[in-house]
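Submitted below is the structure of interest, expressed as structure tokens.
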Amino acid sequence: MPQPLTQAPVGDRTNDFVVKFANVNGSGSASANLLFARSIIRMGVPVVARNIFPSNIQGLPTWYEVRVTERGWRAARGGVDLMVAMNPQTWDKDVQGIDPGGYLFYDSTKPIPPSKFRPDITVLGVPLTAMCNRAYTDSRQRQLFKNIIYVGALSALLDIDPAVIEALIAEQFKGKDKLIRPNIAALHMGRDYALQEFPCPLPLTVRKADAVGDRIFVDGNAAAALGAVYGGATVCAWYPITPSSSLAEAFQRHCRRFRGEGEQNKYAIVQAEDELASIGMVIGAGWNGARAFTSTSGPGISLMQEFLGLAYFAEIPAVVFDVQRGGPSTGMPTRTQQSDILACAYASHGDTKHVLLLPEDPHEAFEMGSTAFDLADRLQTPVFVMLDLDVGMNEWLCRPFAWDDARRLDRGKVMTREMLDAGRDFGRYLDVDGDGIPYRTYPGTHPTRGSYFTRGTTRDRYARYSEEGPVYLDNMERLLAKFETAKTLVPAPVERRAAEPTRVGVIHYGSTNAAMEEALDGLAGRGIHLDTLRLRAFPFPDAVADFIHRHEVVFVVEQNRDGQMRTLIVAECGVDPAKLVGLRHYDGTPITARFIVEAVLAALPDFNVVPLRKAVP
Amino acid sequence: MTYLAKPRFHHPKLPTNALGYTRRDYEGAVSTLCAGCGHDSISAAIIQACFELDLPPHRIAKLSGIGCSSKTPTYFLGASHGFNSVHGRMPSVLTGANLANRDLVYLGVSGDGDSASIGLGQFAHSIRRAVNMLYIVENNGVYGLTKGQFSATADKGSLSKRGVANHDEPIDLASMALLLGASFVARSFSGDKEQLVPLIKAALRHKGAAFIDCISPCVAFNNHPGSTKSFDFVREHNDAVNRLDVMVERAPIETEYAPGELVEVTQHDGTVLRLRKLDATYDPRDRGAAMAYLQQQSAKGEVVTGLLFVDPEAADLHDALSTVATPLNALDDAALVPGAKALDKLNASLR
Ligand SMILES: Cc1ncc(C[n+]2csc(CCOP(=O)(O)OP(=O)(O)O)c2C)c(N)n1
Ligand code: SF4
Ligand SMILES: [Mg+2]
């Protein structure tokens with residue numbers, strides 16, 4: 001795996017730099033860091049914010065990275081221009097991580113030997129602990145206000161408008177107004193100190209701009225949960241697991257806001273005893289005509305396998321949000337990967353295939369979070385929404401959520417009492433429309449017609465038990481036909497043609513897109529032009545094979561070790577595997593543009609691709 | 001095995017219930033179980049109970065796991081939707097179904113392997129969640145369908161067909177159900193229809209988790225001397241604590257009873273359970289005493305049967321979740337989708 005480039009971009013650093021906060025887990029730094037990020041957004045300058053946190057509640061190191069990017073790049077950049085080193089445990093690593101010419105901000109209360117610094121960086125010491133000890137007596141207050149004080153000092157160093165931060169503090173503590181003034185006082189304590197002691201601002205400055213537009217700052221799990229609300233989900237059964245827990249919790253929050261009616265909740269949420277039970281409940285509810293989902297991560301997917309096969313074979317709608325993390329097993333529970341692709345696409349024993357949706361960011365997590373329920377009902381099958389920790393647990397600046405009030409929930413082919421009374425022939429597994437999708441009835445529909453027995457054993461078109469070979473084949477072939485229909489219903493891939501004709505293509509999906517946009521720009525600057533296809537769903541619409549046929553070499557860029565999507569493409573698209581070159585990033589950090597550029601540059605000579613002399617602006 | 005459709009021929013003189021249905025309307029396909037299997041008697045009792053309660057068959061949902069016992073839903077209530085799910089996981093599927101539509105009657109059928117071995121966790125959690133259902137375990141002490149291995153309810157020392165003694169302690173599902181807070185717990189015997197039918201009726205009309213552990217001998221693998229789940233053994237050791245009559249509406253008491261011999265319990269929906277005590281000291285409204293009595297009698301090798309415990313005022317999972325009266329599966333777009341305006345407001349709060 002090629003190493004990412006480490007040098008920082010040169011030139012004007014206004015609205016283009018990276019600040020990294022090194023904190024101790026549980027020290028209350030998260031809300032201060034978020035305040036910092038949001039204040040920059042409020043100044044009209046986009047940010048990319050990423051949490052890097054351990055599997056721990058208190059005491060271990062965490063980092064928060066804020067990339068300020070007026071150009072609106074969406075992925076982490078790599079490298080650090082200003083390190084806010086608040087954690088003595090990670091001091092050495094944090095100081096090492098600063099780009100040459102960068103800055104180190106630290107708590108100078110205790111003297112630190114000169115050998116602990118670097119000669120090629122600028123050091124900014126603020127006696128944060130001493131200031132807090134002077135100003136506050138309560139130990140928790142000392143801790144919390146220390147965080148606000150450093151935000152104040154940074155506002156002076158980076159020229160962030162204090163009025164913007166004050167407004168955010170007022171919004172944050174609305175209803176708890178007593179807290180507003182002391183927070184603003186702490187902010188100015190830090191700010192005044194920096195203004196007095198340092199030549200403010202630094203060359204790294206935030207300048208008001210108009211580059212944010214109507215975008216929103218939200219995490220993918222909250223967005224997907226909101227999608228479930230808009231998708232008409234009423235039953236949620238889940239078992240806690242990082243990084244998916246906040247999805248079910250957000251669903252609860254959204255439901256309280258939108259679906260409560262005093263004591264009359266229009267939803268039911270059950271924290272199950274394990275993932276077997278959560279998927280079982282989802283299947284029971286789906287069988288009975290409610291829209292139901294579970295949220296989980298890789299280990300939960302493994303436990304659900306038997307049930308997923310049943311749902312596929314018995315044709316029961318179900319939605320599974322898989323927020324992927326580093327596996328296998330507990331692997332890297334708080335790090336990101338796209339490594340459940342095959343486990344979900346072919347989940348269960350026997351011959352099974354499942355629909356996967358691949359959101360690139362929270363906006364699409366919302367969109368696909370709602371569409372998944374229509375697809376599950378229409379296709380009467382499990383649908384997986386494949387988020388990852390990067391999208392799920394980080395706040396992304398993304399397009400606002402949108403909803404068309406004319407849109408109606410598509411409940412699929414459901415035979416009603418009226419249809420049965422009208423004498424419609426009902427065979428639960430009868431392909432009446434030639435699309436492989438049969439009709440179903442909800443239990444309790446009609447006193448004498450439309451009841452049937454749901455089972456995992458073979459049954460004929462009228463749901464009657466049978467172990468006859470031809471009956472089994474008939475059903476399995478129809479399921480394949482249904483999967484063909486799915487290709488026409490799932491979100492289409494997004495193709496982007498390069499500015500110059502090229503015989504090289506790139507296929508990628510999900511959170512990789514953020515880094516890909518920037519990488520393509522970087523490569524074009526070097527005269528390398530690549531067509532790209534962003535997958536948004538499995539099964540693959542015909543456009544995928546078509547894209548591969550139109551190119552001589554196709555890179556498949558993904559965030560797992562084994563090139564799982566590449567494997568799936570080879571298996572499903574009937575293409576020459578030699579054409580598909582896997583570029584894989586899987587150390588648990590989100591993929592960066594730097595990584596992709598390096599990896600492509602390293603691989604290209606093997607395929608005789610020479611850069612065009614003319615770089616396209 | 002093939003699917004056998006029963007001829008749908010109604011004798012004109014067959015008695016009908018209040019809905020105009022005959023007993024035949026509650027039947028299912030012809031059973032493919034071994035002749036004499038206890039499970040078939042339980043199916044017959046279910047048919048009888050539903051017929052007598054005037055339940056519309058299509059308003060019952062029957063769910064099961066995997067096993068001979070779990071196959072039986074095919075053999076009763078042919079007009080109901082049924083779901084033969086996966087081994088040991090009926091409780092979660094039933095829970096989800098119940099959440100989706102609180103208006104149907106839920107009947108979960110399982111085996112001792114299905115519920116006490118592979119599915120013990122789901123059994124326990126569905127009971128403690130107070131899912132409104134009747135959960136019946138057709139308990140034969142063995143895995144019938146996989147040909148006679150011991151299940152987790154087999155008594156210690158009970159002999160297999162080949163004469164091997166079981167060395168593990170048994171799991172008593174009725175005791176567990178009591179411990180886990182089931183609001184209706186009974187034990188019965190497939191060979192005692194007089195006792196079983198009223199228990200099923202009472203349980204179907206009960207609100208909350210109703211559990212019946214029904215000893216149901218497996219004639220193929222566990223009906224020999226030395227087995228504690230054989231017809232002969234259960235007949236000899238049956239310690240019935242009471243006899244039950246179920247009345248949808250209160251009827252006058254016609255027979256004379258000694259003081260304290262008769263107990264009446266009115267359930268949530270008005271059904272009256274009239275219990276004739278066979279054991280003068282047994283009070284089916286005392287959970288702690290019920291648990292103690294089961295322990296004490298099982299130590300003596302006795303099989304306690306009857307209505308062991310009932311809490312007529314129990315709440316269920318929907319009460320705990322405060323769900324709307326309308327079944328969740330019947331809510332329309334207007335009830336479920338907050339719409340574009342609400343989304344705009346939410347967007348504004350995220351800037
Ligand atoms: C996951 C899984 N493991 C094993 C089996 C095989 N199996 C089928 S039925 C059964 C035991 C059933 O025993 P019980 O629930 O007591 O039912 P009975 O046949 O005795 O009525 C087993 C082990 C299965 N179907 N699924
Ligand atoms: S094997 Fe036993 S449990 Fe199964 S049908 Fe035969 S007698 Fe009944
Ligand atoms: Mg058994």
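No experiment lies behind these values; they were computed from the predicted model shown. Per chain, numbering begins at 1; letters A, B, ... match sequence-line order.
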Heavy-atom proximity to chain B below 4.5 Å, by part of A/Ala268: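 Both backbone and side chain.
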
Contact class of A/Arg408 relative to chain B, heavy atoms under 4.5 angstrom: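 Backbone plus side chain of A/Arg408, per the 4.5 Å heavy-atom cut-off to chain B.
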
A/Val270 portion near chain B, given a 4.5 angstrom heavy-atom threshold: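 A/Val270 touches chain B through side-chain heavy atoms alone.
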
A/Arg461 atom CZ: more than 12 heavy-atom contacts under 6.0 Å: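 At most 12 heavy atoms, drawn from other residues, nucleotides or ligands, come within 6.0 Å of this atom.
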
Structural part of B/Thr323 lying under 4.5 Å from a heavy atom of chain A: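 B/Thr323 touches chain A through backbone and side-chain heavy atoms alike.
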
Centroid-centroid distance, A/Phe217 to A/Trp396, less than 6.0 Å: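 No, they do not, as the ring centres are separated by 6.0 Å or more.
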
A/Arg291 versus chain B, the contacting section by heavy-atom distance below 4.5 Å: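 For A/Arg291, there is no contact with chain B at all, as no heavy atom is under 4.5 Å.
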
Most chain B-contacting option - heavy-atom pairs closer than 4.5 Å, from A/Ser451, A/Ala290, A/Cys255: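 If we count pairs closer than 4.5 Å to chain B, A/Ser451 comes out on top.
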
Max heavy-atom pair count under 4.5 Å with chain A, selected residue of B/Gln122, B/Lys62, B/His318: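 The option with the most such pairs is B/Gln122.
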
Sidechain-backbone polar pair: B/Asn98 side chain, B/Asn132 backbone, donor-acceptor under 3.5 Å: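 It does hold such a pair.
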
Heavy-atom pair count under 4.5 Å with chain A, highest-scoring of B/Ala330, B/Ala335, B/Ala61, B/Ser349: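 Between B/Ala330, B/Ala335, B/Ala61, B/Ser349, the count favours B/Ala335.
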
Region of B/Pro57 in contact with chain A, defined by heavy-atom distances below 4.5 Å: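 Neither part; nothing is under 4.5 Å.
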
Option that, when pairs with chain A are counted at under 4.5 Å, heavy atom only, ranks first among B/Leu99, B/Leu331, B/Val93: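 Most pairs with chain A among the choices: B/Val93.
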
Side chains of A/Asn288 and B/His81, donor plus acceptor under 3.5 Å: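 There is no such pair (donor and acceptor under 3.5 Å, judged by atom type) between the side chains of A/Asn288 and B/His81.
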
Most chain A-contacting option - heavy-atom pairs closer than 4.5 Å, from B/Ala124, B/Ala100, B/Gly82: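 Winner by heavy-atom pair count: B/Gly82.
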
Selection from B/Val86, B/Asp103, B/Thr326 maximising heavy-atom pairs under 4.5 Å formed with chain A: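 Ranked by heavy-atom pairs under 4.5 Å with chain A, first place is B/Val86.
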
Partner chain B: residue of A/Asp274, A/Asp405, A/Thr445 with the largest heavy-atom pair count (under 4.5 Å):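 Heavy-atom pair counts peak at A/Asp405.
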
Choice from B/Gly88, B/Pro73, B/Ala325, B/Pro56 maximising heavy atom contacts with chain A below 4.5 Å: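 Option with the top pair count is B/Pro73.
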
B/Asn101 side-chain N/O to B/Asn329 backbone N/O, donor-acceptor pair under 3.5 Å: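 Between the backbone of B/Asn329 and the side chain of B/Asn101 there is no qualifying donor-acceptor contact (under 3.5 Å).
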
Main-chain N/O of B/Leu55 paired with B/Tyr26 side-chain donor or acceptor, under 3.5 Å: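 Side chain of B/Tyr26 to backbone of B/Leu55: a pair is present.
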
Donor-acceptor pair between B/Arg128 and B/His125 side chains, under 3.5 angstrom: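 Distance-only check passes for B/Arg128 and B/His125.
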
A/Thr296 and A/Trp238: side chain donor to acceptor below 3.5 Å: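 No pair is found: no donor N or O on one side chain lies under 3.5 Å from an acceptor on the other.
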
Under 4.5 Å from any heavy atom of chain A - which part of B/Leu328: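 Contact with chain A is through both the backbone and side chain of B/Leu328.
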
Top contributor to chain B interface from A/Ile279, A/Leu276, A/Asp404 [non-hydrogen pairs under 4.5 Å]: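 Heavy-atom pair counts peak at A/Leu276.
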
Region of A/Tyr452 that comes under 4.5 Å of a non-hydrogen atom in chain B: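 Interface part for A/Tyr452: both.
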
Whether over 12 other heavy atoms sit under 6.0 Å from B/Asp269 CG: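 Counting neighbours around CG of B/Asp269, more than 12 heavy atoms of other residues, nucleotides or ligands fall under 6.0 Å, so yes.
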
What side-chain donor-acceptor pairs closer than 3.5 Å can you find for residues 219-235 of chain A, not counting sequence neighbours?
from, atom 1, to, atom 2, distance (Å)
A/Asp219, OD2, A/Asn221, N, 3.3
A/Asp219, OD2, A/Ala222, N, 2.9
A/Asn221, ND2, A/Pro243, O, 2.8
A/Asn221, ND2, A/Ser246, OG, 2.8
A/Tyr230, OH, B/Gly339, O, 2.7
A/Tyr230, OH, B/Leu343, N, 3.4

Contacting moiety of A/Arg215, where chain B heavy atoms sit under 4.5 Å: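 Looking at A/Arg215, just its backbone touches chain B.
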
Check: B/Tyr135 ring centroid to B/Tyr106 ring centroid under 6.0 Å: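 No, ring centres 6.0 Å or more apart.
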
Heavy-atom proximity to chain B below 4.5 Å, by part of A/Arg257: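 The answer is the side chain of A/Arg257.
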
A/Ser278, part contacting chain B, at a heavy-atom distance under 4.5 Å: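 Contact with chain B is absent: no heavy atom of A/Ser278 under 4.5 Å.
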
No-hydrogen, no-angle side-chain donor-acceptor test under 3.5 Å, A/Asp460 and A/Ser466: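 There is no such pair (donor and acceptor under 3.5 Å, judged by atom type) between the side chains of A/Asp460 and A/Ser466.
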
Largest heavy-atom contact set with chain B, pairs under 4.5 Å, which of A/Arg38, A/Met281, A/Arg455: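 Among the listed options, the one with the most contacts to chain B is A/Met281.
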
Check: A/Tyr465 ring centroid to A/Phe453 ring centroid under 6.0 Å: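 No - the distance between ring centres of A/Tyr465 and A/Phe453 does not fall below the 6.0 Å cut-off.
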
Test item: A/Asp377 side-chain N/O and A/Asp374 main-chain N/O as donor-acceptor pair under 3.5 Å: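 Looks like no, no N/O pair under 3.5 Å.
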
Residue B/Pro91 versus chain A: region with a heavy atom under 4.5 Å: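 No part of it gets close to chain A.
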
Segment of A/Ala277 engaging chain B (4.5 angstrom heavy-atom cut-off):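 Both parts, backbone and side chain.
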
Engaged part of B/Leu63 at the chain A interface, taking heavy atoms whose separation is under 4.5 Å: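 When you check distances to chain A, only side chain atoms of B/Leu63 fall under 4.5 Å.
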
A/His363 side chain vs A/Arg399 backbone, donor-acceptor pair below 3.5 Å: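 Such a contact is found between A/His363 side chain and A/Arg399 backbone.
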
Side chains of residues 303-313 of chain A: which donor-acceptor partners sit under 3.5 Å, not counting sequence neighbours?
from, atom 1, to, atom 2, distance (Å)
A/Gln305, OE1, A/Ser348, N, 2.6
A/Gln305, NE2, A/Ile301, O, 3.0

Engaged part of A/Ala314 at the chain B interface, taking heavy atoms whose separation is under 4.5 Å: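 Looking at A/Ala314, nothing touches chain B.
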
Which of A/Ala237, A/Gly444, A/Gly450, A/Ala463 touches chain B most, by non-hydrogen pairs under 4.5 Å: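 Option with the greatest count: A/Gly444.
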
Contacting region of A/Phe366 [heavy-atom separation from chain B under 4.5 Å]: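 Answer is side chain: those atoms of A/Phe366 sit under 4.5 Å from chain B.
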
